[in-house]
Protein chains: 2
Amino acid sequence: MRTTQYLLSTLKETPSDAEVISHQLMLRAGMIRRLASGLYTWLPSGLRVLNKVAAIVREEMNRAGAVEMLMPVVQPSELWHETGRWDKFGPELLRIKDRHDRGFVLGPTHEEVITSVVRNEVSSYKQLPLNLYQIQTKFRDEVRPRFGVMRSREFIMKDAYSFHTSLQSLEQTYEDMYQAYSRVFERMGLDFRAVLADTGAIGGSASHEFHVLADSGEDDIAFSTESDYAANIEMAEAVAPKAQADAPSQDMTLVDTPDAKTIAELVEQFDLNIEQTVKTLLVKAAEGQESTLIALMVRGDHELNEIKAEKLPEVASPLTFATEEEIRELVGAGPGSLGPVNMPLPVIVDRSVAVMSDFGAGANIEDKHYFGINWGRDVALPAVADLRNVKEGDPSPCGKGVLQIKRGIEVGHIFQLGNNYSSKMNATVLNEEGKSTVLEMGCYGIGVSRIVAAAIEQNHDDRGIIWPEAIAPFQVAIIPMNMHKSEAVQSVASKLYDELTAAGIEVIFDDRKERPGVMFADMELLGVPHTVVIGDRSLEKGVVEYKTRREGNKVEIATADMAAQLIEAIKAGA
Amino acid sequence: MRTTQYLLSTLKETPSDAEVISHQLMLRAGMIRRLASGLYTWLPSGLRVLNKVAAIVREEMNRAGAVEMLMPVVQPSELWHETGRWDKFGPELLRIKDRHDRGFVLGPTHEEVITSVVRNEVSSYKQLPLNLYQIQTKFRDEVRPRFGVMRSREFIMKDAYSFHTSLQSLEQTYEDMYQAYSRVFERMGLDFRAVLADTGAIGGSASHEFHVLADSGEDDIAFSTESDYAANIEMAEAVAPKAQADAPSQDMTLVDTPDAKTIAELVEQFDLNIEQTVKTLLVKAAEGQESTLIALMVRGDHELNEIKAEKLPEVASPLTFATEEEIRELVGAGPGSLGPVNMPLPVIVDRSVAVMSDFGAGANIEDKHYFGINWGRDVALPAVADLRNVKEGDPSPCGKGVLQIKRGIEVGHIFQLGNNYSSKMNATVLNEEGKSTVLEMGCYGIGVSRIVAAAIEQNHDDRGIIWPEAIAPFQVAIIPMNMHKSEAVQSVASKLYDELTAAGIEVIFDDRKERPGVMFADMELLGVPHTVVIGDRSLEKGVVEYKTRREGNKVEIATADMAAQLIEAIKAGA
């Protein structure tokens, strides 16, 4: 591609409305332009990357036995009524009426449509398992679209849906997709983690998210320093720091603490070790429990994990904290004076609390705490559960190493849905015994357009983007110096361009009448992995200058076999 | 692809709601399924063809120097207000509101969006010409979607838009696109014609449509038997059958014709040659004309071409026929008795009428006609214009051969738009003199999804689809007979499948436990160009059976080098 016949559209200034680096660089490098809130045009350089990402996803899906198809963007509302999601989905689901006043939605996801297709087309177990996917435009009417294509309203997604007559078959395809996703992100050269995830509103029994690690990520993920273990922080199992509590070494004493309403105040005023304190949170109990509230206790330096708490059978869902009034009525003390000793409500303590000794906690008497509490001696050990968020340095639940926490950008998500959708939509087949059986289903998404942004978050410097070879918009940039004045430069540059192009290499040939500095800056901003600079001075020595974007290595290569050497260098990098 | 791991979804019965053969065969061959009125899911076989069509379009657009990008499906309404199309476009433009009650449309076309992109990104003539395209989902809320993907509401289109500082440059790109489109349809193996077209509502100065010839086409196109001349019937120039009128041979006589209100009745009752009669149509005159109505006359066997009539400066636009009341008031006779002699209104006659002699026409007296009328002698020759539709057998306007008329399916359309959009949207650049100049623009569309249907209309028999090699969903079908009982068949079939697949050939391997007849029927219905049948009886002779779908040729090829021979046959066919 010659720059003069291309729409390069680089910007010198960073647009003021772009908060994250990928958004800034995608605008500056001429990859995208905003059309309206959350709606982006992919300029030629952006689309080249998007198409490469899509091609890798397609290849790996095909390799894993998935079959491509294409469903409409516009979906009839009837299907969403069938699954009940018409009511459950919020305003992210854009509802529209056609000229005949019939109801439709702009599809944010396609579980309903694919289940409708499969219930019509598949009637026998012999046709299964089947894994169908598409790479297609989606729309989610985000309340606050942001970060460019990272969280836009219209976006490109790869969504796959698998159908099975047994959970075993579903688990096999799920495992295949796990491996395929890993290959996709490996091939793209991204530093990623597959993490255990909550199945959340979409339901189902197992789920992994694939995260590209980047400081700007919106999710916290925890992973072991010494194994493959990784989990969304919402899901990471918190283990106790030791096997059992130490023997008591202090007597329990009742202490006046009128000015200590929080753990921080308590620790400061009484010079306590925060790891020797316990905080108590009262929440609504599930229906059928012996009391209306239940007390949850975590170590003073730990945070309650609300998702874990909500999943406990004793606790009401959604998780609801007690009001101060309710606390005073049932306990007789305020929320700053609660603890395990003489607590009149059922108690569940975190695993780390269960192994504490000589600790301090509220006395359930206004403005008083007990110090030196020990389980068994002063109060019976209550029920124990995993109640807290993991912290960096916690032992990994896999048994190896300790946990690190990093931020990640979710770029893929795989789910074992089970029969959530198929049962509501009556998607059945005849099994080997000739009996009607409800389909088991999996779903597998990749945010194709989001990957482009995530890759930049992970691969950039102060001069611009540094594309991994596999998804670069161009592999080579040819920068001719003063070409319009030098026939030698023009001839060598054109020859190299023709030779590389003929070899199937994607080249951008900057044939503009621009100063060399402008061309360098644009090609670095655009992140082209390999650059060749051709100028009269080096040509006199029979060489051209070759430079890599990532390492910045500069070498001279002989003009005689420059194309061959470059092709070798590209192969080595890819 | 193994059939057991694929979604084949063929149907034995023809669905009752499918009127045209392509729609019937796309449903029966498992290419598409209806989701809702005008909304179709592309099943795997359909998508394979769609992707091949798109790939050929993309290759030829790139070869012609066009640059790919991608614009959103959802477009802000503001842009449509800028060009005035918000008001002009009918209910085909689906208007929607987002969660913040802002107005958007589902894009049926992207002139507004691309012009907005280019006015922001392009500031200098140095960046031009530029030809930008996308292959993307479009939506038109058709009042009566029909014929499957031939006229659906959601569809895939390639739309390109070029920008220029001169008409000359626009004409050059237009010519390049004309050639690129011709290559696209040639490569797909389709019988097509590029025809002169009306620029219609979209405006502009020149336009060609590309039609795939098929009896089910919705358009009539006229083309010369002896040259490249082809035009949409709306546009085809009608020339007179001879250079000038013959000398009079009859006297003009006034005849009572009380029962002849139409040409047909006149011809029948008075045994006239219909080519010796003239019919008169009164239409509203343009503002500023000397009268409110104007008389248009064509030969009795000819049809008025309303588009040609409407373009006459003397005639009001849109074309409006006079009511009987208006006719009687101004002429003094009814619509069945009108003619040139003593017509009190201005008259324009078709070129063919101008060379008539001894003809019959209404006398502008109720229930009376004149026979034997001759121009000059009985009435002065009025203004002459091209007013009629061409007929088969008319002389071609190119001067060579006569016109044939065939039906076509419009699959491409190229326009010279000029500055219609750019002036309304103030899209300007600085020209070589540093002055602001409004951009000249071209637009170039290809109906990617419609091509799939059009190709089938042109390529089928009573057993199913006959794909042109370039766009077939699979190149080869392997049909193993009783594979599940014969190890020899299984071994040879699997070997051939592996060898062909390794050579990059797209193979469907029918490994279902089905009777051979079912497999044959499915592969013929699906239209796979090359079929290999592998059975124990032929294997005993050391051969497999090879058959082509189009010609039906059957030959035996040795198992020893079957893959090599097949690859040769495919190359010969492609």
Side-chain angles (χ1 to χ4, degrees), chain A residues 1 4-9 30 33 35-37 39-44 46-48 50-51 65 67-76 78-79 91-92 94 96-100 102 104 106 113 116-118 120-122 126-127 129-130 132 134 136-137 139 141 143 153-154 156 512-513, chain B residues 1 4-9 30 33 35-37 39-44 46-48 50-51 65 67-76 78-79 91-92 94 96-100 102 104 106 113 116-118 120-122 126-127 129-130 132 134 136-137 139 141 143 153-154 156 512-513:
Chain A
M1 183 62 66
T4 53
Q5 291 163 23
Y6 189 67
L7 185 61
L8 194 61
S9 270
R33 285 296 179 266
L35 178 63
S37 172
L39 301 178
Y40 287 87
T41 292
W42 289 81
L43 296 182
L47 185 65
R48 292 181 78 96
L50 190 67
N51 282 346
V67 179
E68 191 175 2
M69 58 184 298
L70 183 63
M71 292 175 269
V73 174
V74 175
Q75 307 178 3
E78 289 81 359
L79 292 176
E92 289 76 27
L94 188 63
I96 60 181
K97 295 270 190 181
D98 74 0
R99 65 190 291 161
H100 302 299
R102 284 182 299 232
F104 292 86
L106 290 193
V113 177
S116 140
V117 168
V118 168
N120 290 332
E121 303 306 323
V122 176
K126 291 183 200 166
Q127 296 167 273
L130 196 56
L132 297 165
Q134 61 177 352
Q136 191 239 27
T137 301
F139 195 92
D141 201 0
V143 62
R153 298 201 286 176
E154 190 173 321
I156 310 283
R512 293 175 295 173
K513 275 189 187 170
Chain B
M1 182 62 66
T4 53
Q5 290 163 22
Y6 189 67
L7 186 61
L8 194 62
S9 269
R33 286 296 180 265
L35 178 63
S37 173
L39 301 179
Y40 288 86
T41 292
W42 290 80
L43 296 181
L47 184 66
R48 292 180 78 96
L50 189 68
N51 282 346
V67 179
E68 191 175 3
M69 58 185 296
L70 183 63
M71 292 175 269
V73 174
V74 176
Q75 308 178 3
E78 289 82 0
L79 292 176
E92 288 76 25
L94 188 62
I96 60 180
K97 295 270 190 181
D98 75 359
R99 65 191 290 163
H100 302 299
R102 283 182 299 232
F104 292 87
L106 290 193
V113 177
S116 139
V117 169
V118 168
N120 291 332
E121 303 305 323
V122 176
K126 291 183 200 166
Q127 296 167 273
L130 196 56
L132 297 165
Q134 60 177 351
Q136 190 239 26
T137 301
F139 195 92
D141 201 0
V143 62
R153 297 201 286 176
E154 190 173 321
I156 308 284
R512 293 175 295 172
K513 275 190 188 170

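Letters A, B, ... are given to chains in the order of the sequence lines, protein chains preceding strands, and every chain is numbered from 1.
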Item to check | Heavy-atom contact with chain B under 4.5 Å, split by part of A:Tyr40 | outcome: backbone

Checklist entry - With a 4.5 angstrom heavy-atom cut-off, which part of A:Asn120 approaches chain B: side chain, backbone, both or neither? => result neither

Checklist outcome for this item: In this structure, CG of A:Leu106 is separated from CZ of B:Phe139 (nearest 0.5 Å) by 9.0 Å

Item to check | Leading residue by heavy atom contact count with chain B [cutoff under 4.5 Å; candidates A:Glu154, A:Arg512, A:His100, A:Met71] | outcome: A:Glu154

Item to check | Under 4.5 Å from any heavy atom of chain B - which part of A:Arg33 | outcome: side chain

Checklist entry - Under the side chain to side chain contact (heavy atoms under 4.5 Å, CB included) test, which residues partner B:Gln127, sequence neighbours left out? => result B:Val122, B:Ser123, B:Ser124

Item to check | Pairs of heavy atoms under 4.5 Å with chain B: top-ranked of A:Lys97, A:Met1, A:Arg153, A:Gln5 | outcome: A:Arg153

Item to check | Part of A:Arg48 lying under 4.5 Å from any heavy atom of chain B | outcome: neither

Checklist entry - Under 3.5 Å, is there a donor-acceptor pair between the side chain of A:Glu121 and the main chain of B:Leu7? => result no

Item to check | Per-residue contact mode, A:Gln134 against chain B (heavy atom under 4.5 angstrom) | outcome: neither

Next on the checklist: Quick check on A:Val67 against chain B: is it the side chain, the backbone, both or neither that has a heavy atom closer than 4.5 Å?
Outcome noted: side chain

Next on the checklist: Between B:Leu132, B:Thr4, B:Thr137, B:Leu130, who has the most heavy-atom pairs with chain A when the cutoff is under 4.5 Å?
Outcome noted: B:Leu130

Checklist entry - Considering only heavy atoms, which portion of A:Val74 lies under 4.5 Å from any heavy atom of chain B: side chain, backbone, both, or neither? => result both

